[in-house]
Amino acid sequence: MPYQSYAERARRTSCLIWTAAIFCAIIATAVIIAGLVILVIYLIYQPKSPYLKMGNAQLIHLYYDQAGTLDTELQITIMAENDNTKTDAAFYSLSLDLLFQSVTIAELQAADFVVPKNSSVPLGYDVQSTPVPLDPVGMSAMDSALKNRQIPFYLTGRARTRWRLGSLYSVGIWAHLSCKMTFFWPNGSVASMQCSNKR
Ligand SMILES: *[C@@H]1O[C@H](CO)[C@@H](O)[C@H](O)[C@H]1NC(C)=O
Ligand SMILES: *[C@@H]1O[C@H](CO)[C@@H](O)[C@H](O)[C@H]1NC(C)=O
């Protein structure tokens, strides 16, 4: 009975189309409502991205032998800043590299932590490097740095941050920090410090 069979198929097709249309309409409405909720939350709280800032730094020890082996100790404080007055911020996956020239001397890390609204958390590091061999470029850079009595180091890295609204967390945003720091030698105090939050 071809007629019936066609009619049946047509009915079924139209049923499928309607189901799909209703399903799409529900999804679209849900997306619009979710978008509005996020927009309203954003307008009320106006979250500012949390960021990393350089605090105090000091070169404690520097041993450098004629074979080109460098052994250093630095004290570095990184500030995790949350300028937002209404929301807490979570920092996680923090990782910063300390370099002399292109040689990584040490890696700074932190366990996940929360910075309450409108405050900051200091992360103090006593960075004791293991002896690292410098390449010829690094060796000549260290020779002239010691001659000038100013030792340059470079700190670069990032942490992931999220702001918190009650039990809700935003998506992760990277907070970058790069600093070119120079220390007087032998007293080890900061001679210059240039930092950027750009990647
Ligand atoms: C944020 O902190 C600063 C200084 O710590 C304070 O003067 C200010 O009143 C605080 N703002 C709010 C909204 O809590
Ligand atoms: C360290 O030495 C430099 C130059 O040698 C000097 O300008 C600076 O004031 C000294 N810093 C301290 C804390 O003594």
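All ligand and atom numbering here is 1-based and tracks the order in the structure.
- Counting heavy atoms from C-beta outward, Tyr64 and Asp143 have side chains that approach closer than 4.5 Å.
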Under 3.5 Å, sequence neighbours excluded: what are the donor-acceptor pairs made by side chains of residues 54-62?
| unit_1 | atom_1 | unit_2 | atom_2 | d |
| --- | --- | --- | --- | --- |
| Gln58 | NE2 | Asn187 | O | 3.3 |

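- Side-chain atoms of Asp88 do not come within 3.5 Å of backbone N or O of Arg164 as any donor-acceptor pair.
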Could you go through ligand 1 and note, for every N or O atom, any protein N or O atom closer than 3.5 angstrom, writing the atom names and distance to 0.1 Å, or 'none'?
| unit_1 | atom_1 | unit_2 | atom_2 | d |
| --- | --- | --- | --- | --- |
| ligand 1 | 2 (O) | Asn118 | OD1 | 3.3 |
| ligand 1 | 2 (O) | Asn118 | ND2 | 2.3 |
| ligand 1 | 11 (N) | Asn118 | ND2 | 2.8 |
| ligand 1 | 14 (O) | Asn118 | ND2 | 3.2 |

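- Judged as a ring pair (Phe, Tyr, Trp, His ring centres under 6.0 Å), and not counting sequence neighbours, the contacts of Phe113 are Phe91.
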Exercise. How far apart are the C-alpha atoms of Thr69 and Leu134, what are their side-chain angles, what is the distance that settles it, and do they pass the side chain to side chain contact (heavy atoms under 4.5 Å, CB included) test?
Worked result: CA-CA 6 Å; Thr69 306; Leu134 298 181; over 6 Å; no
For residues 17-35, which side-chain N or O atoms pair as donor and acceptor with protein atoms under 3.5 Å away, sequence neighbours left out?
| unit_1 | atom_1 | unit_2 | atom_2 | d |
| --- | --- | --- | --- | --- |
| Thr19 | OG1 | Cys15 | O | 2.8 |
| Thr29 | OG1 | Ala25 | O | 2.6 |

